[in-house]
There are 2 protein chains.
Amino acid sequence: MTRSEENYLKAIFHLGGQNSKLIATNAIAEQMETKPSSVTDMAKKLAEKGLLHYKRYQGVTLTPMGVKTALAIIRKHRLWEVFLVKKLDFTWDEVHEVAEQLEHIKSEKLIDKIDALLEYPKFDPHGDPIPTKTGEFQERAKQLLSELPIAAQGVCVGVKDTSSTFLKFLDKNSIALGNTIHILDKEDFDNSLHIQIEGRELQISNQIASNLYVKTA
Amino acid sequence: MTRSEENYLKAIFHLGGQNSKLIATNAIAEQMETKPSSVTDMAKKLAEKGLLHYKRYQGVTLTPMGVKTALAIIRKHRLWEVFLVKKLDFTWDEVHEVAEQLEHIKSEKLIDKIDALLEYPKFDPHGDPIPTKTGEFQERAKQLLSELPIAAQGVCVGVKDTSSTFLKFLDKNSIALGNTIHILDKEDFDNSLHIQIEGRELQISNQIASNLYVKTA
DNA sequence: AATAATATTTAGACAAATCTAAAAATATGT
DNA sequence: ACATATTTTTAGATTTGTCTAAATATTATT
């Protein structure tokens with residue numbers, strides 16, 4: 001498996017190619033910031049290798065083997081993200097770029113040891129699930145903070161908007177994954193929220209609240 | 001810098017290209033397990049980039065910039081080796097292959113954090129020095145265990161033979177880097193040694209002793 | 001110093017991954 | 001349903017890093 005092949009499989013998986021849904025050439029090209037013609041070339045190659053089904057002019061779906069391979073890469077990516085945050089004090093918004101490189105390191109022993117060192121985490125710093133070695137994972141039931149009623153509480157598990165701007169805002173306000181958030185009050189006028197987080201009290205806009213995922217107990 | 005370019009610079013450095021000694025095309029080809037014609041191509045490219053001096057039919061030496069770049073890669077390689085051994089319980093003979101991949105990860109912050117996590121080690125698990133960020137490093141004064149007189153003692157700092165067979169022998173006999181070795185007796189007949197190491201006593205052949213580097217106090 | 005042996009370079013080819021521009025298929029709008 | 005717009009594919013070119021085989025330079029031998 002080349003690095004490029006791995007990146008294509010990952011992108012197709014993220015576009016939903018695991019459930020026999022046909023993924024369009026253009027969608028893949030956009031996701032990967034490349035040209036549709038390049039996608040066509042790679043689709044033929046990956047079909048040849050039995051990693052996906054390719055129908056001319058129709059699109060692409062992953063085979064079971066393609067799904068398995070994609071999950072292995074996603075597993076590595078997310079484990080490295082946890083490592084960077086937990087062991088090397090990277091902030092939330094810095095990990096992605098480095099993990100994009102580290103996910104391609106080929107060593108089963110290495111990733112297993114990293115997994116053990118981190119004590120087998122189930123979720124990455126963005127709240128996304130980490131597949132097991134055998135490819136199992138469970139999506140966390142999550143809802144937007146803005147959807148919770150007054151007096152409810154939830155654990156911060158992820159973001160909808162993953163832009164660097166937003167992640168930096170969260171860092172600046174010390175809102176981190178795993179934090180418990182209590183909703184103290186809601187403002188009818190602009191739907192802004194009065195919350196309690198890690199002992200502190202904070203006022204946040206509806207725009208913030210509708211980009212933060214929480215898991216309710 | 002592509003991965004291939006980095007590998008060429010590293011190989012040339014290891015062949016002595018840092019001290020304006022001309023390194024032959026064939027030597028590089030052998031070190032890298034590639035063909036001389038490929039080396040010629042790459043030499044032209046790296047000369048173009050100002051990383052080495054290339055004289056047709058003569059050979060190649062690194063420029064100051066080439067040396068700096070090579071040292072940065074060697075620094076990364078050796079820090080990753082320490083990480084694998086100290087933090088992930090890799091054995092001595094397993095680290096090289098993985099470090100060959102990890103050394104190409106591009107993130108200054110990552111390698112600085114790894115350096116800090118390991119508490120700024122000066123030597124890698126093979127006893128080779130780790131260059132600082134600014135490219136400084138000091139070769140350790142070392143001698144072969146077989147050269148020490150009776151009653152002398154030294155700290156195990158490296159190996160001459162780096163074959164997997166030899167490294168596995170050391171693991172099996174729990175002879176590890178950093179261990180202090182006392183020479184209790186020498187056998188005139190075959191120059192085998194009676195040593196004390198980490199509390200245990202051991203009989204080792206001259207062939208073993210002449211492939212183990214120690215640093216005397 | 002001429003010849004043989006070795007080392008190095010050149011020229012041309014190839015595979016991987018990409019691109020552009022043109023052609024072909026599919027989808028859309030009225 | 002027909003013309004138009006969009007999507008996708010094809011064909012051919014490009015870049016990077018490699019190779020083989022032939023040509024050229026250097027080194028060693030007698």
Side-chain angles (χ1 to χ4, degrees), chain A residues 1-17 20-62 66 69-70 73 100-101 103-106, chain B residues 1-17 20-62 66 69-70 73 100-101 103-106:
Chain A
M1 286 286 286
T2 69
R3 180 169 298 226
S4 188
E5 288 171 343
E6 292 186 346
N7 285 332
Y8 273 93
L9 289 179
K10 199 177 46 144
I12 293 164
F13 183 93
H14 282 134
L15 289 167
S20 52
K21 187 170 70 174
L22 282 168
I23 309 300
T25 304
N26 258 10
I28 300 168
E30 193 173 340
Q31 172 93 1
M32 303 206 42
E33 297 184 315
T34 183
K35 302 295 168 186
S37 56
S38 307
V39 176
T40 301
D41 289 343
M42 185 55 87
K44 286 176 183 167
K45 201 212 281 195
L46 292 174
E48 192 70 33
K49 292 196 174 189
L51 294 161
L52 50 77
H53 299 295
Y54 166 59
K55 287 262 160 112
R56 267 159 82 251
Y57 292 101
Q58 300 304 126
V60 130
T61 27
L62 295 174
T69 311
I73 302 156
E100 288 278 301
Q101 298 180 64
E103 73 189 0
H104 298 292
I105 301 289
K106 280 163 185 57
Chain B
M1 284 285 288
T2 69
R3 179 168 300 224
S4 189
E5 289 171 342
E6 291 187 347
N7 284 333
Y8 273 93
L9 288 180
K10 197 177 49 147
I12 292 164
F13 183 93
H14 282 134
L15 290 166
S20 52
K21 187 168 69 172
L22 281 168
I23 309 301
T25 304
N26 258 10
I28 300 167
E30 193 172 340
Q31 171 94 1
M32 303 207 39
E33 297 183 314
T34 184
K35 303 293 166 187
S37 55
S38 306
V39 176
T40 302
D41 289 344
M42 186 56 87
K44 286 176 185 168
K45 200 212 283 198
L46 292 174
E48 191 70 33
K49 291 196 175 191
L51 293 161
L52 49 77
H53 299 293
Y54 167 59
K55 286 262 159 116
R56 269 160 82 250
Y57 293 102
Q58 299 305 125
V60 129
T61 26
L62 296 174
T69 310
I73 301 157
E100 288 278 300
Q101 297 181 63
E103 74 189 1
H104 299 293
I105 301 289
K106 280 162 186 59

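Quick note on labels: first sequence line is chain A, next is B, and so on, each numbered from 1.
For dT26(C), the OP1/OP2 oxygens have no side-chain nitrogen or oxygen of Arg56(A) closer than 4.0 Å. Within the 4.0 Å cut-off from OP1 or OP2 of dA16(C), not a single side-chain nitrogen or oxygen of Tyr8(A) is found. OP1 or OP2 of dC19(C) sits under 4.0 Å from a side-chain N or O of Thr34(A). Not one side-chain nitrogen or oxygen of Thr40(A) sits closer than 4.0 Å to the OP1 or OP2 atom of dT10(D).
Within the 4.5 Å cutoff, no side-chain heavy atoms of His104(B) are placed close to those of His104(A).
The NZ atom of Lys44(B) sits 14 Å away from the P atom of dT8(C) (whole-angstrom rounding). Atom C1' of nucleotide dT15(D) and atom CG of Asp41(B) are separated by 13 Å, given to the nearest angstrom. One atom, CD1 of Ile28(B), and another, P of dA7(C), lie 14 Å apart when rounded to the nearest Å. Glu5(A) has its CD atom 16 Å from the P atom of dA15(C), to the nearest Å. Rounded to an integer number of Å, the gap from CE of Met42(A) to C1' of dT10(D) is 18 Å. If you measure from atom CD of Glu48(A) to atom P of dA15(C), you get 14 Å, rounded to the nearest angstrom. Regarding Asn26(A), its CG atom lies at a distance of 13 Å from the C1' atom of dA27(C), rounded to whole Å. Counting to the nearest Å, the P atom of dT8(C) and the CD1 atom of Ile23(B) are 11 Å from each other.
Side-chain to base pairing of Ser37(A) with dT20(C): one donor and one acceptor N or O lie within less than 3.5 Å of each other. No hydrogens or angles were tested; on distance alone, nothing pairs the side chain of Ser4(A) with the base of dT18(C) as donor and acceptor under 3.5 Å.
Judged purely by atom type and a 3.5 angstrom limit, Gln101(A) uses its side chain to pair as donor or acceptor with the backbone of Lys106(B).
Considering Glu5(B), Met32(B), Glu103(B) as possible partners of Lys10(B), the one that fulfils the side-chain contact (heavy atoms from CB on, under 4.5 Å) test is Glu103(B).
The side chain of Tyr57(B) sits closest to dT9(C) out of dT26(C), dA16(C), dT9(C). Closest approach to the Lys35(A) side chain among dC19(D), dT20(C), dT8(D) is made by dT20(C) (side chain taken as heavy atoms from C-beta onward).
Ser38(A) comes within 4.0 angstrom of a base, heavy atoms only.
Separation of atoms CD1 (Ile12(A)) and CD1 (Ile23(A)) is listed at 8.0 Å; rounding is to 0.5 Å.
Gln31(A) and His14(A) share no side-chain donor-acceptor pair at under 3.5 Å.
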